[in-house]
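Take a look at the structure set out below.
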Amino acid sequence: MNTPKNPTPAAPADEAVKPANFLRNVIERDLEAGTYAHRQWGGGAGDAAFHAAGTPDTARVRLRFPPEPNGYLHVGHAKSICLNFGLARDYGGVCHLRFDDTNPEKEDQEYVDGIKENVRWLGFDWVTPSGDHLFYASDYFDFMYRAAEALVEAGLAYVDEQSAEQIRAHRGDFNTPGTDSPFRHRAPAENLARLREMRDGRHADGAMILRAKIDMASPNINLRDPALYRIRRAHHHNTGDRWCIYPMYTFAHPIEDALERITHSICTLEFEDQRPFYDWLLERLVELGLLAHPLPRQYEFARLNLTYVVTSKRKLRQLLEDGHVTGWDDPRMPTLVGMRRRGYTAGALQLMAERTGATKNNTWIDYAWLDIALRDDLEDKAARAMAVLDPIPLKLTNWADVFGSDAHREPCGAPAHPHHPEMGQRAFVLGPAVWIERDDFLELPVKGYQRLFPGNKVRLKYGVIVECTGCEKDADGQVTAVLATVVPDTKSGTPGADAVKVKGTITWVSAHDGVPVTLNLYDRLFAVPQPGATDAPLAAELNPSSWRVTQGYVEPSAGRLAAETRVQFERHGYFVTDRVAHQLDEPVFNRITTLKDSWGK
Ligand code: ATP
Ligand code: MG
């Protein structure tokens with residue numbers, strides 16, 4: 001693996017410049033050559049005869065997203081969804097959502113439902129005008145078994161009764177060819193009888209396996225008679241107790257692709273060494289009359305590795321079980337439910353997927369890509385508002401002198417968006433009691449500090465200029481309030497308001513109409529750029545300040561939002577009302593990201 005891409009990437013200036021994506025080239029070449037032009041489509045998944053009885057396929061390409069329903073999807077899956085559904089969309093094709101549920105033990109309906117919701121949330125759909133493209137690999141168990149028998153009858157597969165250890169020992173390694181199993185040369189009829197006994201539950205779990213008969217001396221260890229079926233007495237969520245033998249992933253996956261007439265089967269690089277077996281198997285099944293050309297082809301791309309993020313279901317589960325996060329949807333989790341709750345948009349994930357392209361090199365993508373995409377997506381969409389995250393009172397001590405009474409409220413306003421007048425205006429008031437950020441005051445200013453300190457003037461944004469006169473402190477010397485006077489005739493937008501020059505402008509919320517809110521200030525879950533890259537326990541790599549809760553104030557326009565509404569708090573960043581905890585009268589905001597990438601600065 002390479003080190004993280006640094007420095008922080010700039011957003012591509014020209015959207016028309018497509019990032020490197022070799023898969024586009026592959027598809028364009030196939031379309032030009034007409035590789036898949038004469039395919040028949042039977043209207044669903046099926047064997048050669050089924051599709052031959054169908055009609056010419058109107059989908060120019062078929063891709064698939066094939067999750068195993070054994071956990072929650074994460075940002076890496078989002079990359080794969082955007083890639084597959086995006087290529088199908090761009091080339092007049094269709095993308096199937098296929099649950100790869102051939103492994104009985106770990107799968108659950110809860111995950112199936114969650115994955116469907118995630119795909120739709122990301123903006124894609126398996127239901128198109130040409131049909132419903134939702135598939136379950138377990139629906140193909142009958143065909144898979146039929147294919148297994150056909151291979152056995154053709155002398156291309158055999159039942160091996162060696163123990164798992166013996167099989168491993170005979171496989172050889174990179175430098176040593178494997179040696180034949182004593183069962184390798186059994187007659188097809190005998191293998192067929194054994195396979196049927198396996199299927200009929202006549203043998204114990206693990207007593208024997210079905211293997212392909214290819215080449216025990218192949219330099220590619222995956223071709224040294226790989227396992228096709230194993231005995232496993234386990235209840236399956238779709239097929240119940242009907243089967244006690246289950247196909248291996250490497251056998252099942254090419255068949256799933258072929259039955260669905262997938263054209264381009266895209267997977268991550270670790271499957272590169274499996275490709276020869278993928279092709280071997282499908283070609284044999286064509287020869288045996290079960291499948292037909294043109295066959296799907298497998299292409300491998302580099303999985304998405306994001307810095308400061310782990311994308312392994314096992315490690316994510318561990319974080320949850322060890323209590324480091326509050327749930328699968330903890331806003332610090334890279335799960336899609338977590339990222340959605342954090343406030344990331346489907347648009348930002350799509351942009352990130354597009355901009356990072358598809359390559360053959362395993363690199364780490366800087367997390368900043370995601371935040372840049374988020375800002376690009378929200379810049380034009382999110383209304384602006386003022387918020388004070390770490391409040392301290394500012395008392396305007398001459399208010400009654402300037403405005404006649406402490407009861408006077410000065411109306412103020414601002415556009416909801418600086419470049420989109422159609423989004424309307426925000427209205428709020430200014431009075432003698434104001435909330436400001438604690439760090440907008442320093443009793444003893446440091447060099448270059450231009451906010452409040454005794455004797456300095458600043459503008460309260462959209463309001464008036466004030467001059468700091470001092471502060472109040474408690475017995476411990478902690479500042480409890482900042483004191484200032486209003487400079488008359490400086491109200492923003494009134495004639496002569498700019499006659500008094502100031503260097504600093506600060507944001508604020510009035511204590512008279514400001515709304516108290518809870519703010520979750522999230523930061524990266526991990527403190528190291530490549531978590532899990534060493535043997536160090538994951539817990540040791542966590543960022544201890546990944547979550548801080550504050551009680552702050554927001555201006556009225558942000559005080560009564562529906563759940564899952566995104567806003568930009570001026571100076572502070574993008575926030576969202578929490579999907580779970582937010583209530584109209586008890587607002588809860590999550591910080592999605594700050595306005596600029598401040599990491600390492
Ligand atoms: P894990 O190994 O953590 O359980 P997985 O990759 O086995 O995850 P699947 O449900 O099998 O999970 O994955 C579904 C699809 O998502 C596969 O096609 C896989 O290649 C793709 N995918 C998973 N992780 C990533 C990633 N980090 N980047 C790109 N694609 C990914
Ligand atoms: Mg997997």
Side-chain angles (χ1 to χ4, degrees), residues 1 21-23 62-88 95-103 105-108 110-116 118-119 122 124 126 135-138 248-250 252-254 256-257 260 262 264-275 278 296-320 328 333-339 349-350 352-365 367 369-370 530-533 538:
M1 295 260 171
N21 184 337
F22 72 95
L23 296 165
R62 284 186 186 271
L63 297 101
R64 85 285 175 270
F65 172 64
E68 204 181 332
N70 64 353
Y72 284 85
L73 297 187
H74 53 61
V75 63
H77 296 113
K79 169 87 192 187
S80 177
I81 292 169
C82 292
L83 194 59
N84 283 292
F85 278 90
L87 288 169
C95 184
H96 298 186
L97 174 60
R98 177 202 308 148
F99 287 104
D100 205 336
D101 58 352
T102 55
N103 190 357
E105 269 127 352
K106 300 173 290 184
E107 295 158 2
D108 207 304
E110 175 194 352
Y111 301 129
V112 169
D113 296 339
I115 289 168
K116 286 162 88 172
N118 285 164
V119 172
L122 271 174
F124 299 105
W126 53 92
F135 298 93
Y136 291 87
S138 57
M248 305 302 290
Y249 177 85
T250 45
H253 203 87
E256 296 161 23
D257 285 343
E260 294 176 22
I262 298 302
H264 301 81
S265 174
I266 298 169
C267 61
T268 44
L269 279 177
E270 59 276 22
F271 292 97
E272 195 162 15
D273 290 346
Q274 299 283 2
R275 183 163 16 103
Y278 184 106
R297 295 284 313 263
Q298 174 181 303
Y299 302 91
E300 309 84 18
F301 77 106
R303 57 185 289 124
L304 174 73
N305 296 302
L306 264 191
T307 58
Y308 300 98
V309 167
V310 299
T311 48
S312 138
K313 283 180 207 158
R314 187 179 54 78
K315 288 177 184 164
L316 294 177
R317 188 178 298 279
Q318 191 191 327
L319 289 174
L320 182 65
W328 287 108
M333 286 282 265
T335 51
L336 295 187
V337 281
M339 296 182 75
L349 286 161
Q350 287 179 20
M352 190 268 304
E354 213 168 282
R355 289 172 178 176
T356 51
T359 70
K360 285 267 187 192
N361 310 318
N362 264 323
T363 52
W364 287 75
I365 299 293
Y367 192 87
W369 282 86
L370 192 55
Q530 298 177 12
L538 265 191

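Numbering of ligands and ligand atoms starts at 1, following listing order.
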- Message: Please compare Ala302, Gly76, Pro67 and report which has the shortest non-hydrogen distance to atom 25 (C) of ligand 1.
- Response: Gly76
- Message: Side chain or backbone, does Lys79 bring an N or O within less than 3.5 Å of an N or O on ligand 1?
- Response: no
- Item | Close aromatic pair by centroid cut-off 6.0 Å: Tyr111 and Tyr72 | yes
- Which of the numbered atoms in ligand 1 are below 4.0 angstrom from a heavy atom of Ser80? 16 (O), 21 (C), 30 (N)
- Query: Can you tell me if Phe65 has a non-hydrogen atom under 4.0 Å from ligand 1?
  - Reply: yes
- Taking all non-hydrogen atoms of both residues into account, name the closest pair between Leu63 and Ile262 and its distance. O-CD1, 3.5 Å
- Using distance alone, decide if ligand 1 has a nitrogen or oxygen within less than 3.5 Å of any nitrogen or oxygen in Lys313. yes
- Query: Relative to the heavy atoms of His74, which atoms of ligand 1 are at a distance of less than 4.0 Å?
  - Reply: 24 (N)
- Message: Going by the rule salt bridge (Lys or Arg N to Asp or Glu O under 4.0 Å), which residues pair with Asp257 if we only count those two or more places apart in sequence or in a different chain?
- Response: Arg64, Arg98
- Message: I'd like to know whether His264 forms a ring pair (Phe, Tyr, Trp, His ring centres under 6.0 Å) with Tyr299, so could you lay out the CA-CA distance, the side-chain angles of the two residues, the decisive distance to 0.1 Å, and finally the verdict.
- Response: CA-CA 7 Å; His264 301 81; Tyr299 302 91; 5.7 Å; yes
- Which of the atoms in ligand 1, numbered in the order shown and given with their element, are less than 4.0 Å from a heavy-atom of Pro66? 14 (C), 18 (O)
- May I ask you to identify, for Arg314, whether its side chain, its backbone, both or neither come under 4.0 Å of ligand 1 on a heavy-atom basis? neither
- Item | His77: partners by ring-ring contact (aromatic ring centres under 6.0 Å, His included), with sequence neighbours left out | His74
- Message: Show the nearest heavy-atom pair for residues Phe271 and Glu300, with the distance to one decimal.
- Response: C-CG, 4.2 Å
- Query: Are Leu83 and Asn21 close enough, and set up right, to give a side-chain contact (heavy atoms from CB on, under 4.5 Å), and what steps lead you there?
  - Reply: CA-CA 10 Å; Leu83 194 59; Asn21 184 337; 3.9 Å; yes
- Based purely on interatomic distance, does Ser312 place a nitrogen or oxygen under 3.5 Å from a nitrogen or oxygen of ligand 1? no
- Output yes when the distance from some N or O of ligand 1 to some N or O of Leu304 is under 3.5 Å, and no in every other case. yes
